[in-house]
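Worksheet: the structure to be examined is printed underneath.
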Protein chains: 2
Amino acid sequence: MKLTTKGRYGLSAMFDLAVNYGKGPIPLKSVADRQGISEHYLEQLIMILRKAGLVKSVRGAQGGYMLAKKPSEITVGDVLRALEGPIGLVDCVLEQDPVECEKAETCIMKLVWEKIRDSIIQAVDSITLQDMCNEAERRKASAHNYMYYI
Amino acid sequence: MKLTTKGRYGLSAMFDLAVNYGKGPIPLKSVADRQGISEHYLEQLIMILRKAGLVKSVRGAQGGYMLAKKPSEITVGDVLRALEGPIGLVDCVLEQDPVECEKAETCIMKLVWEKIRDSIIQAVDSITLQDMCNEAERRKASAHNYMYYI
DNA sequence: CAGAAAACCAACTAAAACGATAGGAATTGA
DNA sequence: TCAATTCCTATCGTTTTAGTTGGTTTTCTG
């Protein structure tokens, strides 16, 4: 019941792009450096995110990547779905193209998996990149106040 | 973000034992047959559940396994934790022995993973094996009524 | 125009995890 | 005694993961 590094690294990178939103294209190398990820590996992940319509790219020198929408319009769920596939702990209750088993009609377990899936969906869809940026700002502010008044 | 077969098979088996609760020890072979699982593989899983204190065993002929507590006292979370380990999509927010990263203090992502983890915990801990049995009974009853009154 | 910076792309690979299987030893009821 | 059953250890093929390698193409800048 773990995320792969795709999901982790991918959300890191998206958060980084969200923090730098509005500053033009951000070179992937700088994202990889800040987040401590192999640039070449991150390249593969960002390609997935681009094909999912979550980031845009600008080629050539001074190029890079940027969010395709406002941070407030991208949820953690969008990112995780793009990188990890449809949400669901078990194939028979995936959001997209669930793999039905023979006894799906009567399966009591299916009910359990659906309930867990729905609670995950609720959580990931309720957090946007903007929320994460806001929290980062809030922390920076309170750290500043602390240093100022000490 | 998938469960392994440990979690799936394990909950199947536990549900089977719950349905047969109070009937004495149930041979693992019969559980494996009903649930369509390799007996030998299930053996490894039930051993884990036994060591976690969720099932008891009776050795020898006419032996088998039974729940160590009432179905109402065993949650889906108990079973999944025993088989899949502490809950959490990412190592740094595991319920037990989280693997702290260097920047845990300032990590915004951690907040996200915690929120997802908590929503999973809430879901799995709110469902008992008894709930599953009740649902199975309810379905059997309504199927019966349907056939009776048609 | 040259060269550097960057995205884009395809193929390969080592290591780990997964999902078993194999083969037996120990226990116990009939 | 013997058949049923739990208990235990080891092995193993396949798939997935988490990269690495080695480029090609595009575009800005000096």
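Just so it is clear: chains get the letters A, B, ... in the order the sequence lines come, proteins before strands, and each one is counted from 1.
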What pairs with A:F15 under side chain to side chain contact (heavy atoms under 4.5 Å, CB included), at least two apart in sequence or on another chain? A:V19, A:M132, A:C133, A:A136, B:I108
Does D:dC7 have its OP1 or OP2 closer than 4.0 Å to a side-chain nitrogen or oxygen of B:R50? yes
Nearest-Å distance, NZ (B:K29) to P (D:dA3)? 17 Å
Taking only Lys NZ, Arg NE, NH1 and NH2, and the carboxylate oxygens of Asp or Glu, determine whether A:E84 and B:K2 approach each other closer than 4.0 Å. no
May I have the distance from A:Q62 (atom CD) to C:dG3 (atom P), rounded to whole angstrom? 18 Å
Can you find a pair of side-chain heavy atoms, one from B:V55 and one from B:M14, that are under 4.5 Å apart? yes
Whole-Å distance separating the CE atom of A:M47 from the C1' atom of C:dA7: 7 Å
Over how many whole Å does the gap from B:E39 atom CD to C:dA22 atom P extend? 13 Å
B:L3 CG to D:dT16 P: how many Å, rounded? 17 Å
Under 4.0 Å protein heavy-atom contacts per nucleotide of nucleotides 11-18 of chain C, with B for base, S for backbone only and - for none: -------S
Report yes if at least one side-chain N or O of B:Y9 is closer than 4.0 Å to OP1 or OP2 of C:dG19; otherwise report no. no
Just wondering, do A:I26 and A:R34 contact through their side chains at under 4.5 Å, heavy atoms? yes
Integer-rounded Å distance: D:dT5 C1' and B:K56 NZ: 18 Å
Test A:N20 against A:M66 for side chain to side chain contact (heavy atoms under 4.5 Å, CB included), laying out the working first. CA-CA 8 Å; A:N20 291 290; A:M66 58 189 95; over 6 Å; no
What protein N or O atoms touch nucleotides 23-26 of chain D N or O atoms at under 3.5 angstrom, if any, and at what distances?
residue : atom : partner : partner atom : Å
D:dT25  : O2   : A:R59   : NH2          : 3.0

Flag the pair B:K140 and B:E135 as a salt bridge only when some basic side-chain nitrogen lies within less than 4.0 angstrom of an acidic carboxylate oxygen. no
A:K70 versus A:Y21: any side-chain heavy-atom pair under 4.5 Å? yes
Check this one for me: any side-chain N or O of A:S38 less than 4.0 Å away from OP1 or OP2 of D:dA18? no
Whole angstrom value for the distance that separates P of D:dA18 from NZ of A:K2: 12 Å
Could A:R81 and A:D125 be called an ion pair, given the rule that one side-chain N must be under 4.0 Å from one carboxylate O? yes
Check whether B:S57 reaches the backbone of B:R59 with its side chain - one donor and one acceptor, N or O, closer than 3.5 Å. no
Rounded distance (Å) that lies between atom C1' of D:dA18 and atom CG of A:L45: 9 Å
Tell me what A:L28 touches on the nucleic acid: a base, only sugar-phosphate, or nothing, going by heavy atoms under 4.0 Å. sugar-phosphate
